[in-house]
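A, B, ... follow the sequence lines: proteins, then strands. Residue 1 opens every chain.
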There are 2 protein chains.
Amino acid sequence: MRGGGGGILSNTEDTKQPSRRQQDPEGTRRNIIEVASSEFALNGLAGARIDEIAEKTRASKRMIYYYFGDKEGLYVSALENAYRVVREGEAELDIESLPPLEGLRRLVGFTFDHHSEHEDFIRMVMIENIHSGRYMERSPALRAVNEAAIARIGSIYAKGVAEGVFRDGLDPLEIHWQISALCFFNVSNRATFSHLFGRDMSSAENQVKLRQNAIDMVFRYLAKPEYI
Amino acid sequence: MRGGGGGILSNTEDTKQPSRRQQDPEGTRRNIIEVASSEFALNGLAGARIDEIAEKTRASKRMIYYYFGDKEGLYVSALENAYRVVREGEAELDIESLPPLEGLRRLVGFTFDHHSEHEDFIRMVMIENIHSGRYMERSPALRAVNEAAIARIGSIYAKGVAEGVFRDGLDPLEIHWQISALCFFNVSNRATFSHLFGRDMSSAENQVKLRQNAIDMVFRYLAKPEYI
DNA sequence: TGATTAATGTACGAACTAGTTAGTTTAGTC
DNA sequence: GACTAAACTAACTAGTTCGTACATTAATCA
């Protein structure tokens, strides 16, 4: 919009370098996804504007339709990308070598921090839930990924039960659900909660408290009374 | 849109009844709010369509602007209404006369059920969080209301500490936060969670389990180990 | 080198959408 | 029964927004 210089001045210097890639499909794609993700996370599917996304991109609106077909296609790609990025971060977590009690604390603390650091991801999940998960159905890749999280909990829980520190009969999926609830809510409902009760829950002090509370809560739920 | 009969046929029978109100400001307002609430809850602020809302209303589009000024004004009114309806339901809960342990269980169970029965409210809160609570700032009425929930917990918690069944040093606001997290997430993230893990968390059996888990979890967090 | 395909820019249009204008009907009042 | 303010309607407008047609440049291959 601002005249960007590319059209008129590009003959002077840029084309002199022969090895410099002037067409970069992968880069363009990635750039579009990045911009789109943050716009969708900020404004939702209906609220995000294709023209706005295009303008913030190094590419043009034409490229969005070239690569992603339509707005919904772009949204689905952004959603997939959000899950992929977050999963890659989680994959680095190694708690299976730790003693169960310590591993559990580490897992909850990590999840709390991880969610907190990926607000855009949380927002994308919120938005997708507003749409009742309609769009993620198009993406078969998503499901398989998250089962790793359950496996991780299943393994640590089984070890804890075997060692006699965790009480028996709980369901790893439900434990994951509880950890998710505490860590997700912390990001998703910050704004309304803080406003309704006049206390900034995202402040450093409050986050330290809420984090410790989440760890304690899951710990007390799992551990046998004599270990509390 | 469908010719509704009012214009042409109204002389035949309708006007014969003298006491039948043909102008009904309160009713019109209420009707608009009701329709708008469900449209906003379903589609979000940007996704909802004024024309769509108008059409589902007994009134016309002009009336929306007549009573609410603009789309955002209508949204804020719908948000206020959602909080008011839910608060009125909660006010009926009387747990302060119960023994602390029983009162706590009752409170968590009630909150779980109440959230579950008011999905539109949960969706409105999600949407408002997507907007970072921007619009609820316009509504000073909202804050005062919710403090009652904290007071309720504060009272039952203090009683439990005095009786020696709850451990000391916890913060009622944080307890409320935890209860909210577990009960809110149950509704807000149903779609994505169920899809990612291939298990319908909203089924009757799973809801019974999750409800009991939430109660247990809060109970174990509050109670002294010897009462667990 | 000339032909073919992939990638990109520009300009535009059709449909939609929030909000308005201009006017009518109803309920209550003097 | 005339008058006024509130309640209400239908049709319209100005601006937005998704998506596309057409042209062009870069890479690839025969």
For A:I53 and D:dG19, what is the distance between atoms CD1 and P respectively, to the nearest whole Å?
11 Å
I'd like a table of donor-acceptor pairs (distance under 3.5 Å, sequence neighbours excluded) in which one partner is a side-chain atom from residues 119-133 of chain B, with atom names and distances.
from	atom 1	to	atom 2	distance (Å)
B:R123	NE	B:A41	O	2.8
B:R123	NH2	A:I130	O	2.5
B:R123	NH2	B:A41	O	3.4
B:R123	NH2	B:L42	O	3.4
B:E128	OE1	B:Y75	OH	2.7
B:E128	OE2	B:R134	N	3.4
B:E128	OE2	B:Y135	N	2.9
B:E128	OE2	B:M136	N	2.7
B:N129	OD1	A:A191	N	3.3
B:N129	OD1	A:T192	N	3.0
B:N129	OD1	A:T192	OG1	3.4
B:N129	ND2	A:T192	OG1	2.9
B:N129	ND2	B:V125	O	3.1
B:H131	ND1	B:I127	O	3.1

Per-pair distances, 0.1 Å, donor-acceptor, side chain in residues 106-114 of chain A, under 3.5 Å, sequence neighbours excluded:
from	atom 1	to	atom 2	distance (Å)
A:R106	NE	A:E102	OE2	3.4
A:T111	OG1	A:L107	O	2.8
A:D113	OD1	A:R211	NE	2.9
A:D113	OD2	A:R211	NE	3.3
A:D113	OD2	A:R211	NH2	2.9

Expected output: side-chain A:R199 to main-chain A:L196 donor-acceptor under 3.5 Å
no
Using atom OH of B:Y66 as one end and atom P of C:dT25 as the other, report the distance to the nearest whole Å.
17 Å
For A:Y67 and D:dG19, give me the distance from atom OH to atom C1', rounded to whole Å.
18 Å
Given C:dT10, D:dT9, D:dA7, identify the nucleotide with an atom nearest to the side chain of A:S60.
C:dT10
Please state how far atom CZ in A:F68 lies from atom C1' in D:dT20, giving the value in whole angstrom units.
18 Å
In B/S/- notation (B base, S sugar-phosphate only, - none; protein heavy atoms under 4.0 Å), nucleotides 13-20 of chain C written 5' to 3' is ----SBBB
Calculate the interatomic distance between A:M63 atom CE and C:dG9 atom P; express it in whole Å.
6 Å
What is the distance, rounded to the nearest whole Å, between atom CD of A:E55 and atom P of D:dT17?
12 Å
In short, salt bridge (Lys or Arg N to Asp or Glu O under 4.0 Å) pairs touching residues 175-197 of chain B with sequence neighbours left out are none
Can you pull the salt bridge (Lys or Arg N to Asp or Glu O under 4.0 Å) pairs that have at least one residue in residues 63-79 of chain B, sequence neighbours excluded?
B:E72-B:R138
Whole-Å distance, A:E39 CD to D:dT17 C1', equals 15 Å
Please report the distance, rounded to the nearest Å, between CD1 in A:I64 and P in D:dT17.
14 Å
Could you list the residues that satisfy side chain to side chain contact (heavy atoms under 4.5 Å, CB included) with A:E147, not counting sequence neighbours?
A:R143
